[in-house]
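Everything numeric here is computed off the predicted structure, so don't read it as measured data.
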Amino acid sequence: MKANNVVPPGAGQLWDSCLALLSAVKRIQIPPVVAGFDGFVDTILHAVSERRSATEYSRLLTLHAFSEKILAASGGRNTNIEMVPRLTKIGGNGPILANALAHFEIPVSYIGCLGSPELHPVFAEFARSIRTFSIAEPGYSDAIEFTDGKLICGKQQSVSEISWQSVLQQLSVDQLSDLVRHAGLIAFLNWGIVFSMTEMMNEFLDQIGDHLSGPRKTFFIDTADPSKRSETDILRFVETLPRLAAKFQVYLGFNLRESTFIARTVGLTAPANTPQEVLAYSKQLRERLGIDCVVIHWSRHAVGNDADSAVCVEARFTDNPQISTGAGDHFNAGFCLGRLLGGDLNVNIQLGVATSGYYVREAESPTLRQLARFIETLSYEEKIVSR
């Protein structure tokens, strides 16, 4: 393995490497992506602290302030907290990732919970730029956003119940095999909620993966929140990963908290919340899982470890995010863009950080041009600071 590469906030030359990679889009055709399997309708909410009129209010800014309201109501005192809807949008790790990739003009086929028998109206625009195969009704999430995090309250039964058979009711094995053969990247997303996803991975391998020839394709997995899954479930998932890695280049991504539930199964404890500690932990986790790469992101950093390098990137923090729900999915989209363009781990993580950074500031997915302009701004600012 190469020496650890901890990227300081003034590393403008790495942003230049990102721009050079993005310029390659003009010369190549980006291969398609096949992704699944969740789908939600997200309502973004603010919790009201004080209402001044029918149209004016101040919000509870932090999760801590919100929790104090809840605790004050304990012991039979009760409370009422008003929620103000700010936005209703597509939700779920899969749809958000797919939508972000489509904004990069990457061809995407998405198999997931988008509405049955008709698509839910919130996915109408999504379906205009993405080839969709809906296998169930979507779940519904209320995401209460604060400046220091978010609280998501989900109604997910329809998503939890899908299975490999749900997929085959919309696509034959031959049709799915054809999509996979032409794809540059396959993504299985939201293992934490899609209860049968481990079985789906094994069926995918038996019916499709084991029959593929040629170089191993990228297989990206985001566990999402595995906290409600049993140790037995997590162990069965972990045991499936080396089998996947025999046929695919397996990239496992999650946030720092989510990673600890998987790590516990292979005998690792949660690291201290420092870049160097998480970097060392990511290496141990990758080796024990027997996969190609582990990527871990949290609010101010992202780290990655593969067979050739160990990388830590500091993210440019904003105190006033316009949205936070979906930030991790946009990190994943930027990272996958780099993989599809042939970038190294350094650049791919930088693209993830930049894509997420743009999204939380603008509350929308960037196009390739918008991403390049945002990176140019970051590069210029960091070169000024480093002088």
Side-chain angles (χ1 to χ4, degrees), residues 1-9 11 14 17-18 21 97 185-189 191 216-224 226 234 237-315 328-356:
M1 177 181 291
K2 297 175 184 176
N4 289 352
N5 186 3
V6 180
V7 182
L14 279 169
S17 298
C18 291
L21 188 65
L97 173 89
L185 183 145
I186 299 98
F188 276 43
L189 306 155
W191 178 88
R216 292 184 303 152
K217 296 176 181 290
T218 300
F219 195 107
F220 185 87
I221 304 169
D222 184 351
T223 64
I234 295 174
F237 167 68
V238 166
E239 290 172 343
T240 300
L241 294 176
R243 186 180 171 216
L244 270 172
K247 293 297 295 185
F248 297 92
Q249 295 184 60
V250 176
Y251 282 68
L252 183 60
F254 26 41
N255 67 36
L256 182 56
R257 173 183 169 273
E258 292 163 354
S259 75
T260 62
F261 294 95
I262 308 301
R264 195 179 304 153
T265 308
V266 293
L268 292 177
T269 56
N273 193 19
T274 65
Q276 290 288 8
E277 289 282 342
V278 180
L279 198 64
Y281 160 84
S282 70
K283 177 179 184 293
Q284 293 176 305
L285 185 55
R286 178 186 67 82
E287 290 175 345
R288 295 197 188 186
L289 293 174
I291 60 176
D292 295 86
C293 184
V294 164
V295 181
I296 302 171
H297 55 84
W298 65 110
S299 60
R300 295 178 184 266
H301 293 89
V303 305
N305 183 279
D306 63 19
D308 298 317
S309 56
V311 176
C312 177
V313 172
E314 183 174 348
D329 303 313
H330 278 78
F331 172 88
N332 290 342
F335 182 87
C336 289
L337 170 66
R339 278 293 302 160
L340 290 163
L341 291 174
D344 63 22
L345 187 61
N346 240 337
V347 169
N348 298 346
I349 290 180
Q350 290 278 113
L351 286 172
V353 165
T355 303
S356 181

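- Evaluation of the side chain to side chain donor-acceptor pair (under 3.5 Å) rule for R257 yields D225 as partners, not counting sequence neighbours.
- Here I349 contributes atom CD1 and C293 contributes atom SG; the two are 6.5 Å apart, rounded to the nearest 0.5 Å.
- Remark: the backbone N or O of N255 is paired with a side-chain donor or acceptor of E258 at under 3.5 angstrom.
- When atom types are taken as modelled, the side chain of D222 and the backbone of L189 share no donor-acceptor pair closer than 3.5 angstrom.
- The salt bridge (Lys or Arg N to Asp or Glu O under 4.0 Å) test applied to D292 returns R216, not counting sequence neighbours.
- Contacts of R300 classified as salt bridge (Lys or Arg N to Asp or Glu O under 4.0 Å), with partners at least two apart in sequence or in another chain: none.
- Distance check: R264 CZ to T269 OG1 gives 10.0 Å after rounding to the nearest 0.5 Å.
- Between the T355 side chain and the L351 main chain, a donor and an acceptor come within less than 3.5 Å of each other.
- The shortest non-hydrogen separation linking P271 to L256 is CG-CD1, 4.1 Å.
- Taking 4.5 Å as the limit, every side-chain heavy atom of N348 sits out of range of all side-chain heavy atoms of Y251.
- By the side chain to side chain donor-acceptor pair (under 3.5 Å) test, T218 pairs with R339, sequence neighbours left out.
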Before you tell me yes or no, could you show the steps for F261 and T223 under side chain to side chain contact (heavy atoms under 4.5 Å, CB included), namely the whole-Å CA-CA distance, both residues' side-chain angles and the distance that decides it to 0.1 Å? CA-CA 10 Å; F261 294 95; T223 64; over 6 Å; no
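- Annotation: side chain to side chain donor-acceptor pair (under 3.5 Å) contacts of S259 (sequence neighbours excluded): Y281.
- Residues P275 and E314 fail the side-chain proximity criterion, which asks for heavy atoms closer than 4.5 Å.
- Annotation: side chain to side chain donor-acceptor pair (under 3.5 Å) contacts of R288 (sequence neighbours excluded): none.
- Between the S282 side chain and the L279 main chain, a donor and an acceptor come within less than 3.5 Å of each other.
- Within the 4.5 Å cutoff, side-chain heavy atoms of W191 are placed close to those of I234.
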Given side chain to side chain contact (heavy atoms under 4.5 Å, CB included), test I296 with F254 step by step and report yes or no. CA-CA 5 Å; I296 302 171; F254 26 41; 3.7 Å; yes
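- When all heavy atoms are compared, the tightest approach of A272 to E277 is O-CB, 3.6 Å.
- When each of L185, L241, L244, L252 is checked for a side-chain contact (heavy atoms from CB on, under 4.5 Å) with F219, only L244 meets the rule.
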Might you work through the side chain to side chain contact (heavy atoms under 4.5 Å, CB included) test for L289 and I262, ending with a clear yes or no? CA-CA 9 Å; L289 293 174; I262 308 301; 4.1 Å; yes
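- When all heavy atoms are compared, the tightest approach of V311 to V313 is CG1-CG2, 3.9 Å.
- When all heavy atoms are compared, the tightest approach of A187 to L97 is CB-CD2, 4.1 Å.
- Screening L340, V353, L345 for a side-chain contact (heavy atoms from CB on, under 4.5 Å) with F335, the sole residue that qualifies is L345.
- In this structure, C336 SG and L341 CG are separated by 11.0 Å, a value rounded to the nearest 0.5 Å.
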Please determine whether side chain to side chain contact (heavy atoms under 4.5 Å, CB included) holds for the pair H297 and N332, giving the CA-CA distance in whole Å, both sets of side-chain angles, and the decisive distance to 0.1 Å. CA-CA 9 Å; H297 55 84; N332 290 342; 4.2 Å; yes
